[in-house]
Amino acid sequence: MSERFSFQAETKRLLDLVIHSIYTNKEIFLRELISNASDAIDKLRLLSLTDSKLTFQNGEIWILADKDKRTLSIIDNGIGMNKDDLINHIGTIAKSGTSEFLAKISENKANNIAELIGQFGVGFYSAFMVSDKVEVITKKAGENVAYKWESYGEGEYTISEVEKENNGTEVKLYLKPVDEENGIEDYTDEWVISKIVKKYSDFIQYPIKTYVEDKEKKTKEEKILNSMKPIWRKSSSEIGSQELEEFYKHISHDWNKPLKHILYKAEGTLEFYSLLFIPSKAPFDFYFQGYKGGLSLYVKKVLIAESYEDLLPKYLRFVKGVVESSDLSLNISRETLQNDRIIVQIRKNLTKKVLDSLFELLEQDRENYLNFWKEFGNALKEGIISDVDNRNKLISLLLFESTNSDSKLTTFKEYLGRMKEDQKEIYFIASESRVIAENSPHLELLKQKGYEVIFLLNPIDEVMIQYIPEFEGKKIKVIGRGKLDIESEDFKERKKEVEKKSKEMKDFLSFISKELENQIKEARFSENLISAPCCLVGEEYDISPSLEKYLKKENPLFTSSKRILELNPFHPVIQKMYEKYRSNSSEESLKDYCELLLDYSLLSEGQPVNDPVKFNKIFANLMEKGL
Ligand code: ADP
């Protein structure tokens with residue numbers, strides 16, 4: 001009796017893409033199935049450590065071909081699957097955001113398929129690139145009933161009970177006819193199988209066996225196709241680049257080449273092997289809340305955890321790789337592992353290693369570092385906030401856009417190299433967009449002095465910068481907050497004059513403050529404005545309007561704080577207003593002008609005016625008078 005099931009909608013769509021794919025590198029199906037077989041053996045091996053009912057002897061993977069029937073079986077003696085597993089793991093894609101992603105990848109392009117399969121770890125489905133029909137015959141370790149799953153990849157599959165002696169899984173492919181032009185070789189051929197295994201799966205730690213025919217003796221002999229040596233235990237010179245890439249794909253399910261690898265063996269009091277990778281592309285869900293990173297942790301060659309998160313701080317969750325330690329105990333639980341002295345030590349070492357490698361990349365290969373930065377830069381910014389011990393290292397890895405036109409992104413150090421002799425602070429401006437920042441009145445004075453200003457264009461930039469009070473003795477200054485510390489004769493002169501004006505026009509400033517009291521903290525004169533009549537600033541520890549807007553979106557209860565309206569006492573608009581005020585302080589139009597000053601300031605930083613209807617009315621009125 002077989003039961004009929006429909007694939008979940010997403011799976012159907014995926015299968016459709018895979019089956020009709022023009023992707024020619026079809027041989028990778030074998031890599032994917034071997035990879036699954038190896039994972040299944042890992043799982044059984046690990047469970048058998050804690051579950052006395054399960055026994056594990058030796059893991060092995062068999063590849064058996066039948067030339068006449070044109071079938072190919074990949075057989076493992078791993079954990080196996082029961083009926084629920086088959087339904088939940090083979091017919092369903094549980095990853096969040098799948099539908100959105102599938103909708104995006106609607107065109108059937110070869111590299112899209114690669115990315116698609118990679119992003120979802122849907123390796124099993126690649127079997128349908130080379131098969132008309134796939135059967136999975138499987139029995140879960142510790143259970144009595146075995147099942148057969150069958151599908152032509154066309155929307156439906158069936159499950160029935162079958163006889164099977166041992167635990168484990170056989171994936172049986174009914175191969176499509178050989179079609180070299182479309183990338184389908186004869187996968188029943190020993191030589192072809194052997195070539196593919198060597199190319200993609202050499203490092204798999206269980207023997208991958210097949211039978212080869214001895215033509216003279218007319219017998220079939222068992223042969224192991226892979227070398228089985230753990231790649232992370234090899235020395236750099238022993239590892240080929242293809243081998244490295246294939247291993248990366250095996251552990252990461254990412255089909256893009258990694259950007260960089262780090263092979264590191266710790267010696268001394270703490271000993272461990274590690275092979276880490278920096279991916280070249282962020283997974284589509286990387287910046288989602290629930291994204292899980294983690295490294296594979298081996299203890300004495302046994303895989304203890306596949307994505308173990310405590311081996312690196314959270315902000316380095318983009319790093320993939322393997323760690324093997326012989327100092328840890330095999331049957332340690334996850335909870336105790338977390339606080340294990342050795343884990344803490346490994347984590348410290350690895351963090352340093354990763355940051356050093358990134359620094360090396362920055363110094364030696366800027367182009368690739370820019371690529372890294374585009375994908376994972378925001379994760380490093382999280383590190384500035386959370387990793388006090390490595391903060392200085394992380395600061396040197398940061399890149400920013402700035403007013404300096406000849407380099408698009410700059411490091412702190414490069415900025416320092418361009419600083420003017422009399423410049424005392426490193427300047428930043430927070431804004432939603434570069435254009436608004438560039439034209440901000442806040443920038444005027446600094447531009448005139450030739451001081452470079454760094455743009456903080458992402459909400460996290462501004463939060464992060466609060467954790468960096470200074471760099472190499474230079475204070476960090478976010479402009480638009482508090483006072484600027486500029487030390488030059490002309491600036492001091494200007495300051496004095498502004499102070500004088502503030503005293504002289506005290507009543508006028510109070511008048512404006514009073515008029516706008518519901519919207520601003522106060523009105524005051526500033527020495528920082530040149531061509532603009534006014535702008536809004538915060539206090540030293542206030543946040544910028546762009547961050548405020550972001551926080552409001554996240555939390556509607558967030559209340560904004562009032563800011564200060566800074567006026568340019570030398571600007572004709574301010575001077576004329578003052579004259580009008582002196583001749584008749586109760587003149588009605590003065591109130592309108594106060595409103596306009598505020599709206600002007602808001603617009604210049606890309607904010608909406610408070611009351612657009614009123615703004616329009618005043619504006620039309622003024623135009624009429626002026627015309
Ligand atoms: P992934 O391996 O990335 O999870 P696959 O589509 O290749 O994606 O496999 C889906 C799931 O099916 C696996 O996670 C595993 O639970 C199960 N599975 C696949 N092959 C086997 C196997 N040989 N033995 C046991 N379980 C398997």
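Start at 1 and go down the list; that is how both ligands and their atoms are numbered.
- Ring to ring, W232 and Y298 are close: their centroids are under 6.0 angstrom apart.
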### Task
Kindly indicate, with the supporting measurements, whether the criterion side-chain hydrogen bond (donor to acceptor under 3.5 Å, both in side chains) is fulfilled by Y315 and D387.
CA-CA 9 Å; Y315 70 92; D387 191 351; 2.7 Å; yes

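- Under the 6.0 Å distance and 45° angle rule, R31 counts as a cation-pi partner of W255.
- Distances between N or O atoms of F124 and those of ligand 1 include at least one value under 3.5 Å.
- Residue-to-ligand polar distances keep D39 apart from ligand 1: every N/O pair is separated by 3.5 Å or more.
- Under a 4.0 Å criterion applied to the non-hydrogen atoms of I90, ligand 1 contributes the atoms 12 (O).
- Note: F272 and Y264 meet the aromatic proximity criterion, with ring centroids under 6.0 Å apart.
- Nearest approach of P279 to F376, heavy atoms of both residues: O-CE1, 3.5 Å.
- Under 4.0 angstrom from ligand 1, the non-hydrogen atoms of D76 all belong to its side chain.
- Remark: distances from the non-hydrogen atoms of E32 to ligand 1 are all 4.0 Å or more.
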